[in-house]
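Report on the structure given below.
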2 protein chains.
Amino acid sequence: MLKEERFNHILKELKSSNKVFFENLSKELRVSEDTIRRDIDHLSKSGLLVKVRGGAMSPSVNPLSFQDRTGLFSDAKKVIALKTQQLLRDVQTVIMDGGTTLLAVAASIPIQSKLRIITNNMALIPILAHHEQVDIIVLGGMYNRVTQTNLGIQTALEAQKYQADLYLMGTCAIHSSKGLTAAVHEDGELKKVFMKAAAQTAVLSNHEKLETVEFFNVTGLSDVDTLITDLPSNDARLNAYRPFGLEIL
Amino acid sequence: MLKEERFNHILKELKSSNKVFFENLSKELRVSEDTIRRDIDHLSKSGLLVKVRGGAMSPSVNPLSFQDRTGLFSDAKKVIALKTQQLLRDVQTVIMDGGTTLLAVAASIPIQSKLRIITNNMALIPILAHHEQVDIIVLGGMYNRVTQTNLGIQTALEAQKYQADLYLMGTCAIHSSKGLTAAVHEDGELKKVFMKAAAQTAVLSNHEKLETVEFFNVTGLSDVDTLITDLPSNDARLNAYRPFGLEIL
DNA sequence: TACAATTTTGCATAATATTGCAAAAATAAA
DNA sequence: TTTATTTTTGCAATATTATGCAAAATTGTA
């Protein structure tokens, strides 16, 4: 029996019952459990199934194409996304970088909005598929599978060529004395470029990111124009940031 | 017995049972397994079957030959895609532009391939999500919803910064006297840049595009190194292109 | 037809892939 | 925490595939 026939057997069984077990497959296909284990390993690397303890399961639906089902976003992100809409009403050109918060923002943009969005965030594209009035300018670079963003020198060089009204900054750590910091060097540098390219910078942050620090400095808080969190704007936990003169939404 | 007769026998058997074994074929056709192996090699390079350990399978039943969840790809595109794989074995860096044919090519790249892909084709990204050894360099620009590609001056400027071993050209019209032409101006200009950036250019084309002309000139056929269609390489409809000294797969 | 050049074929051998086993490591359960 | 179970890793035996080579067959040319 060919290896690929075993693969087909496994996938067929997975299709009908949604879960397969090493033990059963080993008996059905008359090979050792090790072989089944390796088969499943192979199939999982191809994304055709996901390994679980004792066997494998069908992969969860649509990994990349449609994240715009709002149920996928946490309440905190939805709150931030809705607050952000008021900033988008008065601008033409917006820079948006990485992070799922910005996906939530994009998902809540009204379908008839007229906007130009400059981004290195590839996950944004399918979300904006039906916004025919939204122009998307993609910033190229080395694609990062984990963050689904383009990064690198090339991305920064491209970003410098544009002028935007607003920069919506997604992922970063915020600290009242250390300012904004990023976990990835290239991402941190890119954020600096984005700030220069935009007339106004708004930082979007879950309250859990407040008073945290990452390794790479981006900027001080006085360079930020607006801070948007999931907290009420008068929440005490935001007091530390009020002296910097930024607008808190 | 002629080689062509063996081919026919193999393909016939493949059609009826979806799989063939070297051992059986060797006995049936009274030649050594080596000869069968070479025959299968040839048919595999012609995109008519996929080799597996011990024999070969028809591409449609091999779960690993295509990552085609949607069943979107036509037989012609699958043949072209499988033929194209032989070019990818010896290169490091490949430029791929727009068109669904190139999506089929990407979908048939083995999961363990090591490759660097330079592209303005955003639809390529989710297909290559599980190819951890494939680096993707995205070329930025104005995103076009219909073609799912980035276009414009910016895209061309970026493309000029790279050197590639191979350029796989997707959508274009081919004519024996008019050469290659494109339907969209920016796309045509970009194709010229891609050709300059790559050491070798291969044009992928459905046979229905042969002897058709679009409005924007790209280049003459003598600048093309390889032509890959869904037709057998000795098909009479390809004769018009043979004088240009390009390799026809 | 005869001869040279090319292609095809089968074989030996080296390289590679698959399989099952056993020990070590990691994970879940008590 | 300890214990039981599952998973990973390394290994050796076996099977398959790729490669170079020489003989045979085929093709083209005079």
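Everything numeric here is computed off the predicted structure, so don't read it as measured data. Convention: sequence-line order gives letters A, B, ...; per-chain numbering from 1.
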Completion exercise
Rounded to whole Å, the CZ-P distance (B/R53 to C/dT18) equals 5 Å
Problem - Distance, rounded to the nearest Å, where A/L2 contributes CG and D/dT16 contributes P - result: 11 Å
Practice task
Please report, rounded to the nearest Å, how far the P atom of C/dT18 is from the CG atom of A/D41.
Solution key: 13 Å
Problem - Whole-Å gap separating P (D/dA18) and CD (B/Q86) - result: 14 Å
Problem - Ion pair check, A/K45 and A/D41, cut-off under 4.0 Å - result: yes
Handout entry: side-chain N/O A/R37 vs D/dT7 OP1/OP2, d < 4.0 Å
Key = yes
Problem - Protein-nucleotide distance (B/I40, atom CD1; D/dA18, atom P), rounded to Å - result: 11 Å
Problem - Atom pair distance, as rounded to whole Å: CZ in A/F7 and C1' in C/dT18 - result: 11 Å
Problem - Most 5' of B/G55 and B/R38 on DNA chain D, judged by nearest nucleotide - result: B/G55
Handout entry: Position toward the 5' end of DNA chain C (nearest nucleotide), B/D39 or A/I36
Key = B/D39
Fill in the blank from the handout: Taken to the nearest whole Å, CZ/A/F22 to C1'/C/dT27 is 14 Å
Practice task
Taking the side chain as every heavy atom from C-beta outward, state whether A/V31 and A/R6 have any pair of such atoms under 4.5 Å apart.
Solution key: yes
Problem - Phosphate contact (C/dG10 OP1 or OP2) by B/R30 side-chain N/O below 4.0 Å - result: no
Fill in the blank from the handout: Taking C/dT9, C/dT19, D/dT17 as options, the one with an atom nearest any side-chain atom of A/K3 is C/dT19
Exercise for the section: For the pair A/K3 and A/D39, find out whether any cationic side-chain nitrogen is under 4.0 Å from an anionic carboxylate oxygen. Expected result: no
Practice task
Determine whether B/I40 and B/L25 make a side-chain contact, defined as any pair of heavy atoms from C-beta on separated by less than 4.5 Å.
Solution key: yes
Exercise for the section: Indicate the ring-plane relationship of A/F7 and A/H42, choosing parallel, tilted or perpendicular according to the 30° and 60° boundaries. Expected result: perpendicular
Exercise for the section: Respond yes when some side-chain nitrogen or oxygen of A/K51 is under 4.0 Å from OP1 or OP2 of C/dT27, and no when none is. Expected result: no
Problem - Spacing of A/F21 atom CZ relative to D/dT6 atom P, expressed in whole Å - result: 11 Å
Fill in the blank from the handout: Checking D/dT17, C/dT9, C/dG20 against the side chain of A/S32 (C-beta onward), the nearest is C/dG20
Practice task
Kindly say if A/T35 contacts the phosphate of C/dG20, meaning a side-chain N or O under 4.0 Å from OP1 or OP2.
Solution key: yes
